[in-house]
Amino acid sequence: MALYVQNSLTRQKEIFTSVKEGFVGIYVCGPTVYGHSHIGHAKSYVSFDVIVRYLRYSGYKVRYVQNITDVGHLTDNADSGEDKILKQARKERIEPMEVVELYTHSYFEDMDALNVLRPDISPRASGHIPEQIALTEKLIETGHAYVENGSVYFDVSSFDEYGKLSGRKIDELEEGVRVEVKSEKRHPADFALWKQAEEGHLMRWQSPWGEGYPGWHIECSVMATKYLGQPFDIHGGGLENIFPHHECEIAQSEAIDGSQFAKYWLHNNMVTVNGMKMGKSLGNAIDLKSAFNGTNKNLSKAYSPLVIRFFILSSHYRSPLDFSDEALQAAEKGLARLHATVKLVRDQIGKAHEEKASIGVQNTLLKYRREFVGLMDDDFNTAAAIGILFDLNKSVNTLLNSNEILSSGSLQAIDETYQTLGEDILGIIPKDIVNEAGGDLLDGLFGVLITLRTDARTKRDWATADKIRDQLSELGVILEDRPDGTIWKLVK
RNA sequence: GGCGAUGUGGCCAAGUGGUAAGGCAGAGGUCUGCAAAACCUUUAUUCGCCGGUUCGAAUCCGGCCAUCGCCUCCA
């Protein structure tokens with residue numbers, strides 16, 4: 001079965017073939033680090049995390065590059081606008097580079113919590129100024145860019161294919177352009193490769209055109225091709241970046257010699273909150289830290305990072321995703337069910353008799369694996385793949401409840417299936433599912449209480465038995481009497 | 001105005017020509033001392049609306065309605 005991906009460039013689902021056999025280079029637009037990450041970042045980076053994980057599972061050696069934008073940018077079409085990093089620096093009364101450092105750490109902290117694997121390279125825009133200047137110079141030399149007042153602009157009329165990704169026409173763009181502040185640019189759609197630093201602009205570098213700072217789009221062109229070559233396989237990002245950002249990246253990168261920039265463009269859809277667009281300026285943004293600790297006013301409680309991850313993956317990456325309390329609670333329960341079964345399997349491995357996995361179990365597992373892979377091969381359909389995980393779960397529970405005693409081999413094979421599909425690929429079933437806030441001490445303490453209750457039950461002293469169970473329940477500890485003994489769980 | 005999506009049961013969400021996955025919630029049952037959990041059964045003759053193509057459409061075509069996104073920094 002081959003992998004198919006929906007390519008924004010061709011608007012078609014295409015069979016995926018890598019530029020270099022066995023190797024995939026993927027570049028995903030990373031965050032501008034001037035604030036804490038929100039659920040929109042989570043959707044994008046969790047989605048691409050799974051894409052990368054799946055490519056690796058499929059046997060590719062993957063190099064995943066995701067930039068950190070640590071150079072503030074103005075709006076690309078006008079000379080006015082705010083530089084978010086500078087604004088934040090002023091607000092916090094710290095250096096711009098301190099802002100960048102602070103929120104870069106914050107970003108990785110949140111992504112780690114979401115079980116997003118680190119990119120192989122996280123290049124920073126500020127660390128690639130010479131390369132950005134070099135590309136700009138080359139664009140000037142080849143007649144695709146012009147200098148004006150210490151700034152350099154890309155001449156969109158010099159690149160016939162401008163608009164091929166977003167489907168926009170240059171002449172139509174002109175009409176839509178808002179108030180033009182200065183007419184430094186020859187065409188309203190021209191965009192900055194380099195901007196002259198105005199007075200008081202703290203982030204500035206020397207260039208052949210004087211002190212300034214790079215345009216927004218150029219960093220991605222430069223860093224993607226520096227580490228992945230040209231053409232490279234996959235360029236990803238949020239679909240709001242198709243225009244102008246990705247369109248401009250293509251123009252800069254392909255204008256010089258016409259060689260293709262990226263072969264496949266994958267775009268994830270956006271997030272809404274209770275059906276409304278989420279916007280930093282709209283005041284309904286859900287930043288990840290507040291979602292994790294329950295302080296967000298749009299949510300009734302805290303949701304663990306894994307629940308957020310699971311929720312994101314329960315819809316397709318190209319579909320919009322609406323965050324609501326109700327939907328998150330449903331996700332939380334669903335994931336807990338998955339985890340409960342996996343934990344049960346793992347707890348029983350040690351107790352089971354040693355024997356190889358039964359043919360029946362092996363065949364069943366194989367069937368689910370095949371179905372799962374088939375769905376992931378179809379443009380990374382995680383939502384349907386999770387459905388398979390629940391089918392597997394049902395089968396496993398049935399086995400666990402049946403009279404058939406499962407061998408250690410069978411249990412291990414089941415566990416391996418969960419690990420491959422649920423953790424290696426989707427990242428939603430950690431290797432160590434433990435009772436949260438558990439640990440040996442609590443395990444021991446509850447063990448004592450469970451023994452007392454079991455004794456009472458043998459004596460048919462239901463009053464005592466129920467008292468223990470009820471009082472623990474009030475503390476948020478649930479006891480479950482299984483055929484092979486009583487287990488405890490914490491509820492949130 | 002231009003470009004692009006989406007509309008599937010109470011909620012979330014897969015499904016691009018062959019007769020509606022999965023999760024949450026609800027109902028009944030099995031198991032249990034009673035529970036919990038799990039499992040079984042059940043809940044859309046129907047996929048925004050109206051036409052058309054087809055032996056056959058949620059899936060293709062046309063029209064309409066609604067919602068959303070992008071066109072300005074934003075994942």
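What separates CD of A:E480 from P of B:C39 is a distance of 12 Å, to the nearest Å. The CZ-P distance, from A:F310 to B:C24, rounds to 9 Å in whole Å. For the pair A:H245 NE2 and B:C71 P, the interatomic distance rounds to 13 Å; values are reported in whole Å. In this structure, the CG atom of A:L313 is 19 Å from the P atom of B:G22, given to the nearest Å. With rounding to whole Å, A:L239 atom CG is found 13 Å from B:A75 atom P. Rounded to an integer number of Å, the gap from A:L165 CG to B:G4 C1' is 12 Å. Here the P atom of nucleotide B:A75 and the CG atom of A:L266 are 18 Å apart, to the nearest Å.
Remark: B:A27 base-pairs with B:U41; criterion is Watson-Crick or G-U wobble with both hydrogen-bond distances under 3.5 Å. Here B:C70 sits opposite B:G2 as a Watson-Crick or G-U wobble pair (both hydrogen-bonding atom distances under 3.5 Å). Pairing for B:G7 is with B:C65, a Watson-Crick or G-U wobble pair whose two hydrogen-bonding atom distances lie under 3.5 Å. B:G17: no Watson-Crick or G-U partner with both key distances under 3.5 Å is found in any strand.
Among the protein residues, A:R469 comes within range of the nucleic acid bases, having at least one heavy atom under 4.0 Å from a base atom. Using a 4.0 Å heavy-atom distance criterion, A:D391 is classed as a sugar-phosphate-only contact.
Using a 4.5 Å cut-off on side-chain heavy atoms (C-beta onward), A:E109 and A:K289 make contact.
Ion pairing between A:D455 and A:K459 fails under the 4.0 Å rule for side-chain N and carboxylate O.
Side-chain nitrogen and oxygen atoms of A:K394 include none within less than 4.0 Å of the OP1 or OP2 phosphate oxygen of B:C39. At the phosphate of B:C24, OP1 or OP2 sits under 4.0 Å from a side-chain N or O atom of A:R337. Distances shown here put every side-chain N or O of A:N268 at or beyond 4.0 Å from the OP1 or OP2 atom of B:A75. Contact check, A:N401 against B:C31: no side-chain N or O comes under 4.0 Å of OP1 or OP2. In this structure, A:S319 reaches the B:A14 phosphate: one of its side-chain N or O atoms is under 4.0 Å from OP1 or OP2.
Residue A:R370 places its CZ atom among 12 or fewer non-hydrogen atoms of other residues, nucleotides or ligands, all under 6.0 Å distant.
For A:F48 and A:Y64, the distance between ring centers is not under 6.0 angstrom. Taking the six-membered ring for Trp and the full ring otherwise, A:Y213 and A:H201 have centroids separated by under 6.0 Å.
For A:S44, whose side chain is taken as the heavy atoms from C-beta onward, the closest listed nucleotide among B:C39, B:A75, B:C34 is B:A75. When each of B:A35, B:A36, B:A13 is scored by its nearest atom to the side-chain atoms of A:S315, the top-ranked nucleotide is B:A13. The side chain of A:E326 sits closest to B:C11 out of B:A75, B:A13, B:C11. Distance from the side chain of A:R168 is smallest for B:C3 among the nucleotides B:A75, B:C3, B:C34. Of the candidate nucleotides B:G4, B:G33, B:A38, B:G4 has the atom lying nearest to any side-chain atom of A:R11. When distances are taken from the side chain of A:W462 to each of B:A75, B:G33, B:G15, the shortest belongs to B:G33. For A:A330, whose side chain is taken as the heavy atoms from C-beta onward, the closest listed nucleotide among B:A5, B:C24, B:A21 is B:C24. Looking at the side chain of A:N397, the nearest of the listed nucleotides B:G33, B:G69, B:C39 is B:C39.
A heavy atom closer than 4.0 Å to some atom of RNA chain B occurs in no member of residues 105-122 of chain A.
In this structure, the aromatic ring of A:F390 is not positioned over the six-membered ring of the base of B:G23 within 5.5 Å between centres and 30° between planes.
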